[in-house]
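I have placed the structure first, in the form of structure tokens, so that the comments after it can refer back to it.
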Amino acid sequence: QEHGLTVLSAHSVLLHAVAVINLTAAVPLGMFSAWHVSLVLRGRVSVDPKDDSYDLGALKNWRVVFGESWLGWVVPIISEPAGDGVHFEMSPRRAKQLA
């Protein structure tokens, strides 16, 4: 009886430790992911998050980064990115300022 209680207690401690470790990883990863989704939707980069020179609207920004196909959004290895990865379309407002 006493041995069974010790095993149950050790199992409970291990289960709680795993839960704490998972939360410790999940919370920052969730915050990091949410921040990057917001950057993509606003057409910004993490190096200069205030620069909106490439904001083409949320949907077009998403498609520029993840491709046209919704299947490619779920399985990104099957989609082709827009452009060459070096040159990007500027927002019409910013292009007009530079012209």
Side-chain angles (χ1 to χ4, degrees):
Q1 189 74 310
E2 197 173 301
H3 178 70
L5 186 59
T6 305
V7 170
L8 182 61
S9 182
H11 180 72
S12 178
V13 168
L14 182 62
L15 199 59
H16 282 87
V18 168
V20 168
I21 291 169
N22 282 337
L23 280 174
T24 302
V27 169
L29 285 173
M31 292 169 58
F32 187 71
S33 297
W35 182 56
H36 277 83
V37 166
S38 78
L39 289 175
V40 167
L41 293 176
R42 293 180 293 140
R44 297 182 181 182
V45 294
S46 57
V47 176
D48 187 6
K50 293 182 180 178
D51 179 17
D52 64 349
S53 298
Y54 303 100
D55 187 6
L56 304 172
L59 185 58
K60 189 162 184 184
N61 291 338
W62 186 270
R63 287 183 172 159
V64 165
V65 174
F66 293 105
E68 293 290 328
S69 167
W70 67 269
L71 186 58
W73 304 347
V74 180
V75 186
I77 60 172
I78 65 169
S79 68
E80 290 292 322
D84 60 6
V86 177
H87 303 95
F88 298 94
E89 181 181 349
M90 293 190 99
S91 71
R93 182 194 55 76
R94 181 68 173 142
K96 193 180 281 188
Q97 287 176 347
L98 294 174

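All residue numbers refer to positions in the sequence shown, counting from 1. These numbers come from the heavy atoms of this one structure, side chains and all, not from hydrogens, waters or symmetry mates.
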According to side-chain contact (heavy atoms from CB on, under 4.5 Å), who are the partners of Trp35, at least two apart in sequence or on a separate chain?
Ser38, Leu39, Ser46
Residue from Thr24, Val18, Val20 passing side-chain contact (heavy atoms from CB on, under 4.5 Å) with Asn22:
Val18
Please list, chain by chain and in numerical order, all residues satisfying side chain to side chain donor-acceptor pair (under 3.5 Å) with Glu68, sequence neighbours excluded.
none
In terms of hydrophobic clustering (I, L, V, M, F, W, Y; side-chain heavy atoms under 4.5 Å; direct or indirect links), are Phe66 and Trp70 co-clustered?
yes
Atom OG of Ser91 and atom NZ of Lys96: how far apart are they, to the nearest 0.5 Å?
10.5 Å
Who else is in the cluster with Val27 when I, L, V, M, F, W and Y are joined by side-chain contacts under 4.5 Å?
Met31
Asn61 versus Val40, closest heavy-atom pair with distance
CB-O, 3.0 Å
Taking atom NE2 of His36 and atom CZ of Arg44, what is their separation to the nearest 0.5 Å?
14.0 Å
In short, Gly57 meets Asp55 closest at the heavy-atom pair N-OD1, 3.1 Å
Hydrophobic cluster mates of Met90, side-chain heavy atoms under 4.5 angstrom, ILVMFWY only, any path?
Tyr54, Phe88, Leu98
Contacts of type side chain to side chain donor-acceptor pair (under 3.5 Å), residue Ser69, not counting sequence neighbours
none
Is any side-chain heavy atom of Leu56 closer than 4.5 Å to a side-chain heavy atom of Val64?
yes
Joint cluster assignment, Val37 & Val75, ILVMFWY side-chain distance < 4.5 Å
yes
Verify same cluster id: Trp73, Leu41 (apolar side-chain graph, 4.5 Å)
yes
Which residue pairs pass the salt bridge (charged side-chain N to carboxylate O under 4.0 Å, His left out) test with at least one member in residues 86-95, sequence neighbours excluded?
Asp52-Arg93, Lys60-Glu89
